[in-house]
Amino acid sequence: MQLDQSHRIVLENLATFQRAQRCLEEADTYIQSVLQEIADDLSAAHAPQFSFYFTPGAGSYLQTRACPNWDGTGAHLITIGIERLAVAEILAPDSPDAARAYIYSELLNDWKRAASYTRIARHLRQLLPPDGFAPASPQMHGYVFVKRLAPPSVATLCDRAALKTFFMQCLEPLASWLVANAPQLAGLGGADALASTESV
């Protein structure tokens with residue numbers, strides 16, 4: 001292996017790059033604290049029907065699930081949320097790993113099991129999605145509708161109240177979608193299918 005000019009630039013400016021890395025880590029920690037606050041706010045607003053939770057780290061997401069143990073499968077019929085929530089994913093909309101919102105079904109994630117639930121898949125995809133959401137591609141196993149998050153400005157990201165508003169503008173329509181479609185979803189799995197949600 002040979003070190004090229006890009007390596008030399010990094011080594012000559014090592015302190016600057018180390019500080020930049022620390023800034024990114026601190027930005028991620030800050031974003032995580034905002035997302036945890038949003039999860040708490042949404043859980044309080046929709047209790048006791050839905051409990052939102054935030055999972056930090058690699059592949060971080062904020063979501064809630066409904067219709068647990070659907071038809072005795074052990075799976076949730078529906079999940080809504082946002083994922084890919086590191087600062088680099090939030091600010092890089094053209095990346096394949098850009099932050100996105102989703103409506104998802106565990107039943108359809110496993111292609112072997114999904115083959116048994118084509119009627120359910122068809123019904124879920126016939127529901128009207130929230131504004132800005134599009135049908136997921138067939139390769140996105142389990143996903144029903146998705147929406148790539150437009151990146152916030154750096155000023156928005158650095159303003160805690162503005163960043164909460166940015167995320168809530170996506171999450172509140174999702175929560176409203178879940179509430180509005182509760183009767184149809186419950187009808188797919190029995191009258192008490194939406195009676196509880198699981199928070200972990």
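- Using modelled atom types, one side-chain atom of E106 and one backbone atom of H76 make a donor-acceptor pair closer than 3.5 Å.
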Side chains of residues 33-47: which donor-acceptor partners sit under 3.5 Å, not counting sequence neighbours?
residue, atom, partner, partner atom, Å
S33, OG, Y30, O, 2.6
S33, OG, R160, NH1, 3.2
S33, OG, R160, NH2, 3.3
Q36, NE2, D40, OD1, 3.1
E37, OE1, R160, NE, 3.3
E37, OE1, R160, NH2, 3.0
E37, OE2, K164, NZ, 2.9
D41, OD2, K164, NZ, 2.8
S43, OG, A39, O, 2.9
S43, OG, F52, N, 2.8
S43, OG, F52, O, 2.9

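- Pairs passing the side-chain hydrogen bond (donor to acceptor under 3.5 Å, both in side chains) check and including a residue from residues 117-134, sequence neighbours excluded, do not occur.
- Within the structure, the salt bridge (charged side-chain N to carboxylate O under 4.0 Å, His left out) test picks out no pair touching residues 169-186 (sequence neighbours left out).
- Residues Y61 and T79 form no side-chain contact, since every pair of their non-hydrogen atoms from C-beta on lies 4.5 Å or further apart.
- Side-chain contact check for L149 versus I90: every heavy-atom pair is 4.5 Å or farther apart.
- Scanning for ring-ring contact (aromatic ring centres under 6.0 Å, His included) contacts around Y143 gives Y102, Y104, with sequence neighbours left out.
- For residues 20-30, the pairs satisfying salt bridge (charged side-chain N to carboxylate O under 4.0 Å, His left out) are R19-E26, with sequence neighbours left out.
- Residues passing the side-chain contact (heavy atoms from CB on, under 4.5 Å) test with P151, sequence neighbours excluded: P93.
- Residues satisfying the salt bridge (Lys or Arg N to Asp or Glu O under 4.0 Å) criterion with R100, sequence neighbours excluded, are E83.
- Residues forming a side-chain contact (heavy atoms from CB on, under 4.5 Å) with N13 (at least two apart in sequence, or on another chain): I9, T16, F17.
- With sequence neighbours excluded, the residues that form a side-chain contact (heavy atoms from CB on, under 4.5 Å) with A162 are T156, D159.
- Among residue pairs with one or both ends in residues 50-64, none qualify as salt bridge (charged side-chain N to carboxylate O under 4.0 Å, His left out); sequence neighbours excluded.
- Between L174 and T64 the shortest side-chain heavy-atom distance does not fall below 4.5 Å.
- Partners of S137 by side-chain contact (heavy atoms from CB on, under 4.5 Å), not counting sequence neighbours, listed by chain and number: Q139, M140.
- Rounded to the nearest 0.5 Å, atoms CG (L85) and CD1 (I31) are 8.5 Å apart.
- Judged by distance alone, the side chains of D71 and T73 never bring a donor and an acceptor atom under 3.5 Å apart.
- Qualifying ring-ring contact (aromatic ring centres under 6.0 Å, His included) partners for F167, counting only residues two or more places apart in sequence or in other chains: none.
- V146 has its side chain out of reach of P135: every pair of non-hydrogen atoms, C-beta onward, lies at least 4.5 Å apart.
- A donor-acceptor pair under 3.5 Å is formed between the side chain of R84 and the backbone N or O of P96.
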